[in-house]
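Worksheet for the structure shown next.
Predicted model, so just to flag it, every value in this text is computed and none were measured. Reminder, nothing fancy here: chain letters follow the sequence lines and each chain counts from 1.
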Amino acid sequence: MQKQGFAEKLLLWYEENHRPLPWRDTRDPYKIWLSEIILQQTRVDQGLPYYQKFISRYPSVKKLADAPEADVLRTWQGLGYYSRARNLLKCARIIVSEYQGFFPSGYHDLLRLPGVGPYTAAAIASFAFEEPVAVLDGNVFRFTARFFGIDTDITTTQAGREFREILSELLPAKHSSRFNQALMEFGALVCTPKKPECATCVFNVPCFARQNKKQNILPVKKKAKPSTNLYFNYLAIRQGGHLWMALRDSPGIWQGLYELLLIEGEEKSIHLPTGPVMSALQPHIVRLDFDEEHLHILSHRNIHARFYTLVINDVKLLPEPLRQKGRFYTKEEVGRLPKPILIDKYLRSRFF
DNA sequence: CAGTCGTGGTA
DNA sequence: TTACCAAGACT
């Protein structure tokens, strides 16, 4: 199949079938950047409401740059991969302070921004500035691997070089932005991971995977290593109408979000957690309840969480463990804090 | 380079 | 139910 014929067929399909999305027909780098960060490892259906919220609360990069991190994380709450939100804010502040509020237009300058990797830099350079660079996301890798029958593991850097070379060659001189978006949309709607729509696919005749019935083999992707278990005992400590919460400030899961008092266990246990923290709290406990274990699944962790509700008496001097990291918050304050979805769901069922 | 980082949807 | 995985980036 000739290069020009391929591009023409793809663009024709795109005009007829693409989804109308708010960031699609704009050249506004702010909107394109925002949508691309939100859509990293995230489906359009899940990301769309967040995009609307962000545009509504932060209509410009300047407004975003002025926001406190906790507010940005609260807006991001529920989307996951929270480093994206922290880097989003970092990046906005750099755009304002070092670029006078205007995004750089070149791939290599964009690549230096926090949270902007090879994919996102190419997407912004292409969609906002019509730079003729190939945009390689999961959709493009999948379609390309199937169509050309490439069995290189797409998680390797070698695959990056190999696929980039093929797509750079395929990229038309004109309408490269449209071409890139079309290829991604095609992967998302037709050449899907499971049960691709080969019967109606406009490329089904020349497609290697279709010819060789290897739609389920390609693309080749290294398997994720199995999840490990974590055992979280959360203490919802209440005093009057207040609830004790603390910031997770160390790098790792849920950095920047707020949670209840966490006592991590080594293994599954039906017993009340023990240790110095519990000992310090013990004399102040007025009431104690607990409920069944919640299993919270992350991409690489299984969190077995058990929540304990403690009501403690109104002492002047807080027990030492409670003074160190967090403090008591009112219900209104708790509602505004960014929280892991696990914590948010628990509080909605038992606290609010 | 391998490990880390969320959440929700699908088969 | 289990496994996969979605418009990746960072360390």
### Residue pairs passing the ring-ring contact (aromatic ring centres under 6.0 Å, His included) test where at least one lies in residues 214-233 of chain A, sequence neighbours excluded
A/Tyr231-A/His304, A/Phe232-A/Tyr234

### Message
Listing request: all ring-ring contact (aromatic ring centres under 6.0 Å, His included) pairs with a residue in residues 35-66 of chain A, at least two apart in sequence or in separate chains.
### Response
A/Trp23-A/Tyr51, A/Phe54-A/Tyr58, A/Phe54-A/Trp76

#### Entry: Interatomic distance where NZ belongs to A/Lys222 and P belongs to C/dC4 [whole Å]
13 Å

### Message
Taking the P atom in each of B/dG6 and C/dT11, what is the distance between them to the nearest angstrom?
### Response
14 Å

#### Entry: Check: A/Val140 main-chain N/O paired with A/Thr144 side-chain donor or acceptor under 3.5 Å
yes

### Message
Tell me whether the rings of A/Tyr14 and A/His18 are parallel (<30°), tilted (30 to 60°) or perpendicular (>60°).
### Response
parallel

### Task
Could you check A/Arg142 against A/Lys90 and say which one's nearest nucleotide on DNA chain C is further toward the 5' end?
A/Arg142

#### Entry: Value in whole Å for how far the P atom of C/dG8 lies from CG of A/Leu111
16 Å

### Message
Evaluate A/Leu235 against A/Leu281 for side chain to side chain contact (heavy atoms under 4.5 Å, CB included), listing each step before the verdict.
### Response
CA-CA 11 Å; A/Leu235 274 51; A/Leu281 289 175; 3.8 Å; yes

### Contact pattern, 5' to 3', of nucleotides 3-11 of chain B - B, S or - by protein heavy atom under 4.0 Å
-SBBBB-B-

### Task
Send over the distance from A/Asp153 CG to B/dA2 C1', rounded to a whole Å.
12 Å

### Query
What is the nucleic acid contact for A/Val135, judged by heavy atoms within less than 4.0 Å: base, sugar-phosphate only, or nothing?
nothing

### Query
With a 4.0 Å cut-off on heavy atoms, is A/Thr156 in touch with a base, just the backbone sugar-phosphate, or nothing at all?
nothing

### Query
Checking all strands, does A/Trp23 fall into the base, sugar-phosphate, or nothing category for heavy-atom contacts under 4.0 angstrom?
base

### Query
What is the distance from CD of A/Gln215 to C1' of C/dC4, rounded to the nearest Å?
18 Å

### Task
Using a heavy-atom cut-off of under 4.0 Å over every strand shown, decide if A/Arg248 touches base, sugar-phosphate, or nothing.
nothing

### Query
So what does A/Ser35 touch, heavy atoms closer than 4.0 Å: a base, only the sugar-phosphate, or nothing?
nothing

### Message
Just to be sure I understand the rule, does A/Leu21 reach a base, reach only the sugar-phosphate, or reach nothing, if contact means heavy atoms closer than 4.0 Å?
### Response
base

## Note on the structure
To the nearest angstrom, the OH-C1' distance between A/Tyr119 and C/dC10 comes to 18 Å

### A/Phe307 and A/Tyr346 aromatic ring geometry - parallel, tilted or perpendicular at 30°/60° bounds
parallel

### Query
Are A/Lys331 and A/Phe351 in a cation-pi contact, defined as NZ or CZ under 6.0 Å from the six-membered ring centre and within 45° of the axis?
yes

